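Note that this is a predicted model, so its numbers are computed, not measured.
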Amino acid sequence: MDSHIVIKEKNFLGSGWSFPVCFSADTCQVSLTAYEANINESIRLILFTTTGERNMEPQFGSGLQKFFFRKIDETLKGELINTIKMSLLLNEPRIKVSGVDVEFTDMLNGMLEIIIDYTYIQTNTRHNHTFPFSIMEGTNLK
């Protein structure tokens with residue numbers, strides 16, 4: 001398959017600045033991400049951003065920080081799943097979330113793993129994204 005055809009087919013996935021923002025030493029240009037990598041970075045950015053943190057986009061983000069220091073139980077799991085589904089529905093129009101699962105990977109240290117299954121709306125292809133999340137954020141400071 002011709003590389004120009006592949007690029008044309010993936011253009012709908014978009015491109016944008018990489019996050020965190022960095023510059024190429026060779027070209028002195030902003031580093032960009034495209035296609036699947038751009039969507040994965042967008043998902044990470046949404047999940048890491050506190051709702052209301054961006055002045056011009058007050059609905060942007062997920063607000064997962066409000067779950068820090070919470071008791072790890074099924075109630076927390078349900079609240080995380082609902083919050084993630086809603087934040088991605090509102091902030092990432094290129095995907096349709098088909099499922100979110102929360103696994104308690106290290107309860108003693110407050111580590112969770114969030115698995116997001118989604119479909120690219122335009123091509124109906126399935127993908128997933130794994131997001132590590134710590135309920136005990138900041139407790140390892142000395």
What heavy-atom pair brings [X] and [Y] nearest, and what distance separates the two atoms?
X: R126; Y: T119; value: CG-OG1, 3.9 Å
X: D73; Y: L76; value: OD1-N, 2.9 Å
X: I121; Y: I95; value: CD1-O, 3.5 Å

In the structure I gave you, are the side-chain heavy atoms of [X] and [Y] within less than 4.5 Å of one another anywhere?
X: V100; Y: F131; answer: no
X: D117; Y: V97; answer: no
X: L112; Y: I72; answer: yes
X: I84; Y: L64; answer: yes

Test side chain to side chain contact (heavy atoms under 4.5 Å, CB included) on L47 and L45; report intermediate values, then the result.
CA-CA 5 Å; L47 296 180; L45 187 59; over 6 Å; no

List, by chain and then residue number, the residues other than M86 in its hydrophobic cluster (Ile/Leu/Val/Met/Phe/Trp/Tyr, side-chain heavy atoms under 4.5 Å); write none if there are no others.
L89, L90

Can a donor-acceptor pair be found between the side chains of T105 and E113 at a distance below 3.5 Å?
no

Sequence neighbours excluded, which residues qualify as ring pair (Phe, Tyr, Trp, His ring centres under 6.0 Å) partners of F133?
F68

According to ring pair (Phe, Tyr, Trp, His ring centres under 6.0 Å), who are the partners of F104, at least two apart in sequence or on a separate chain?
none

Spacing of CD1 belonging to I46 relative to CD belonging to E41, to within rounding of 0.5 Å:
12.0 Å

CD/E57 to OG1/T51 distance, rounded to the nearest 0.5 angstrom?
12.0 Å

Can you name the salt bridge (Lys or Arg N to Asp or Glu O under 4.0 Å) partners of E103, sequence neighbours left out?
none

Taking salt bridge (Lys or Arg N to Asp or Glu O under 4.0 Å) as the definition, give me every residue that meets it alongside E79, ordered by chain and number, with sequence neighbours left out.
R70

Is there a path of hydrophobic side-chain contacts, each under 4.5 Å between heavy atoms, that joins I43 and I115?
no

Quick one: side chain to side chain donor-acceptor pair (under 3.5 Å) pairs with a partner in residues 80-93, sequence neighbours left out?
S42-E92, E92-R94

List the steps, then state whether side chain to side chain contact (heavy atoms under 4.5 Å, CB included) holds for L88 with I116.
CA-CA 10 Å; L88 292 175; I116 303 164; 3.9 Å; yes

Under 6.0 Å between the ring centres of H129 and Y118?
no

Is the backbone of F48 close enough, under 3.5 Å, to the side chain of Q65 for a donor and an acceptor to pair up by distance?
yes

Quick one, K77 with D101, criterion side chain to side chain contact (heavy atoms under 4.5 Å, CB included). Give me CA distance, side-chain angles, the key distance, then yes/no.
CA-CA 8 Å; K77 185 176 184 175; D101 188 32; 3.9 Å; yes

